[in-house]
Number of protein chains: 2
Amino acid sequence: MFELDMKSRKAISDQIIENMKELIVSGVLKPDDRIPSVRELAGQLLVNPNTVAKAYRILEAQGYIFTVKGRGTFVADTQSMPVDSRELKEAETHIRDSINKLYYLGISKERAKEIIDKIVEERGDWK
Amino acid sequence: MFELDMKSRKAISDQIIENMKELIVSGVLKPDDRIPSVRELAGQLLVNPNTVAKAYRILEAQGYIFTVKGRGTFVADTQSMPVDSRELKEAETHIRDSINKLYYLGISKERAKEIIDKIVEERGDWK
DNA sequence: ACAGTGTACTATGTGTAGTAGTACACTTGT
DNA sequence: ACAAGTGTACTACTACACATAGTACACTGT
């Protein structure tokens, strides 16, 4: 399904969340598709089932998946999902911090815009 | 000099580092200006001297300040400082993560560009 | 000599992430 | 009815980073 970077400083649960969001939003996983069970994905990734369960819990709270007791976990319909203003605000704060880092490095505004635009365009499938 | 947000999830040492970079890069603190001693700043911010010392240690490693034993810590000349490619790469990764978050929220590329541009332009003094 | 400086070290407490193990209610297929 | 698989909810333990507390040392300027 995907792989983890155990050398990363990022939390394993966060990596699972990001990879799942990628698959869901990009359309690899369609609405109502079933995703691996907590125990199954934990087995694939060689991590503890509790860690996967934590990731699923957060993904469900954010509306990306939904669970049916005893049956499994499924992909939600992200198309009809309104943009969560709280998450958007958090994302904007992250971007502001990132841009500040470029500023602190002494990079010019024009150069910074080039760098950012390059990264945006890396997503050929976007929009 | 500046204030800390004790309710923030950001580490105190990281907040000190960011605030110092802001003052140095924006030109409030000029090269060879002396910055408060470890004990003095710790007293102002009501944190432990070790925490300030850690922040200063990192700032020196990144080239923003330099220390003279027994005399104090001073602002380095960031103008003549070459852009550290390792730090630049880290910043780019950070930006990529942030932009992905916008993508996961289902925001269009055009909308994302507007949001980013607005944040960049918040820095009226840049370049 | 003295006060102030950065630096280094140990010890302690706290919070978070992750692992390990167990238990329970539910659904499906037999 | 039964077994297997599902999500969920606990507790306990380890590991790590952060911050605090206290002490000590070498250096500088007066």
Side-chain angles (χ1 to χ4, degrees), chain A residues 1-20 24 29 32-76 90 94 97, chain B residues 1-20 24 29 32-76 90 94 97:
Chain A
M1 190 147 211
F2 51 79
E3 289 181 358
L4 297 177
D5 178 8
M6 303 307 282
K7 294 169 298 189
S8 169
R9 281 72 74 204
K10 279 183 189 168
I12 294 175
S13 53
D14 283 348
Q15 288 188 53
I16 295 173
I17 291 170
E18 285 188 18
N19 277 290
M20 275 298 173
I24 293 171
L29 294 177
D32 293 326
D33 272 0
R34 188 175 172 281
I35 63 177
S37 74
V38 165
R39 293 169 179 82
E40 186 182 349
L41 185 55
Q44 287 181 21
L45 302 178
L46 300 178
V47 299
N48 192 281
N50 288 328
T51 305
V52 179
K54 179 181 179 183
Y56 281 13
R57 203 183 319 131
I58 294 171
L59 282 168
E60 180 171 28
Q62 295 183 349
Y64 291 87
I65 61 178
F66 63 95
T67 63
V68 182
K69 277 195 176 182
R71 290 208 51 218
T73 308
F74 304 84
V75 176
E90 279 186 7
H94 273 132
D97 289 346
Chain B
M1 190 150 213
F2 51 79
E3 290 181 358
L4 297 178
D5 178 8
M6 302 307 281
K7 293 169 297 188
S8 170
R9 281 71 73 205
K10 280 184 188 167
I12 295 175
S13 54
D14 284 349
Q15 288 188 53
I16 295 173
I17 290 169
E18 286 189 17
N19 277 290
M20 275 298 174
I24 292 170
L29 294 177
D32 293 327
D33 272 0
R34 187 174 173 281
I35 64 177
S37 74
V38 165
R39 293 170 179 80
E40 186 182 349
L41 185 56
Q44 286 179 22
L45 302 178
L46 301 177
V47 298
N48 192 280
N50 288 328
T51 305
V52 178
K54 180 182 179 182
Y56 281 13
R57 201 183 319 129
I58 293 171
L59 282 168
E60 180 172 29
Q62 295 184 349
Y64 291 87
I65 60 178
F66 64 92
T67 63
V68 183
K69 276 195 177 183
R71 287 207 54 218
T73 307
F74 304 85
V75 176
E90 279 186 7
H94 204 168
D97 289 346

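Per chain, numbering begins at 1; letters A, B, ... match sequence-line order.
- When the P atom of D:dT6 is taken as reference, atom CZ of A:Phe74 falls 11 Å away, rounded to whole Å.
- Of the candidates C:dT5, C:dA20, D:dT6, the closest approach to any side-chain atom of A:Asn48 belongs to C:dA20.
- Taking the side chain of A:Arg71 as heavy atoms from C-beta on, and the options C:dT19, C:dT5, C:dT27, the nearest nucleotide is C:dT27.
- Atoms OG1 and CG, on B:Thr51 and B:Leu45 in that order, are 10.0 Å from each other to the nearest 0.5 Å.
- A sub-4.0 Å separation between OP1 or OP2 of D:dT6 and a side-chain N or O of A:Ser37 is present.
- When rounded to the nearest whole Å, the span between CD1 of B:Ile12 and P of D:dA21 equals 11 Å.
- Rounded to an integer number of Å, the gap from B:Leu59 CG to C:dG6 P is 13 Å.
- Among the protein residues, B:Val68 comes within range of no part of the nucleic acid, since none of its heavy atoms lies under 4.0 Å from any strand.
- As judged by a 4.0 angstrom heavy-atom cut-off over every strand, B:Arg9 is placed among residues making no nucleic acid contact.
- A straight line from CD1 of A:Ile65 to C1' of D:dG7 spans 11 Å, rounded to a whole angstrom.
- Donor-acceptor pairing under 3.5 Å, judged by distance alone, is absent between the side chain of A:Arg39 and the base of D:dG5.
- Relative to the side chain of B:Asn50, the nucleotides C:dT5, C:dT19, D:dA21 differ in distance, and D:dA21 lies closest.
- Screening B:Leu29, B:Asp33, B:Ile24 for a side-chain contact (heavy atoms from CB on, under 4.5 Å) involving B:Ile65 leaves a single residue, B:Ile24.
- Residues passing the ring pair (Phe, Tyr, Trp, His ring centres under 6.0 Å) test with B:Phe2, sequence neighbours excluded: none.
- As rounded to whole Å, 11 Å separates atom C1' of D:dT6 from atom NZ of A:Lys69.
- Whole-Å rounding puts the A:Leu41 CG to D:dT6 C1' distance at 14 Å.
- Going from atom CZ of B:Phe66 over to atom P of C:dT5 covers 16 Å, rounded to whole Å.
- The B:Thr51 side chain lies nearest to D:dT20 when the options are D:dT20, C:dG18, C:dT7.
- For the residue pair B:Ala55 and B:Ile16, the shortest heavy atom distance occurs at CB-CG2, 3.6 Å.
- Along DNA chain C, the nucleotide nearest to A:Ser13 and the one nearest to B:Ala53 differ in position, and the one closer to the 5' end is contacted by B:Ala53.
- Interatomic distance, CD of A:Gln15 versus CD of A:Glu3, reported as 11.0 Å (0.5 Å rounding).
- Phosphate contact (OP1/OP2 of C:dA17, side-chain N/O of A:Lys54, threshold under 4.0 Å): present.
- OP1 or OP2 of D:dG7 has not a single side-chain nitrogen or oxygen of A:Thr67 nearer than 4.0 Å.
- We find that CE of A:Met6 is positioned 11 Å from C1' of C:dA17, with the value rounded to whole Å.
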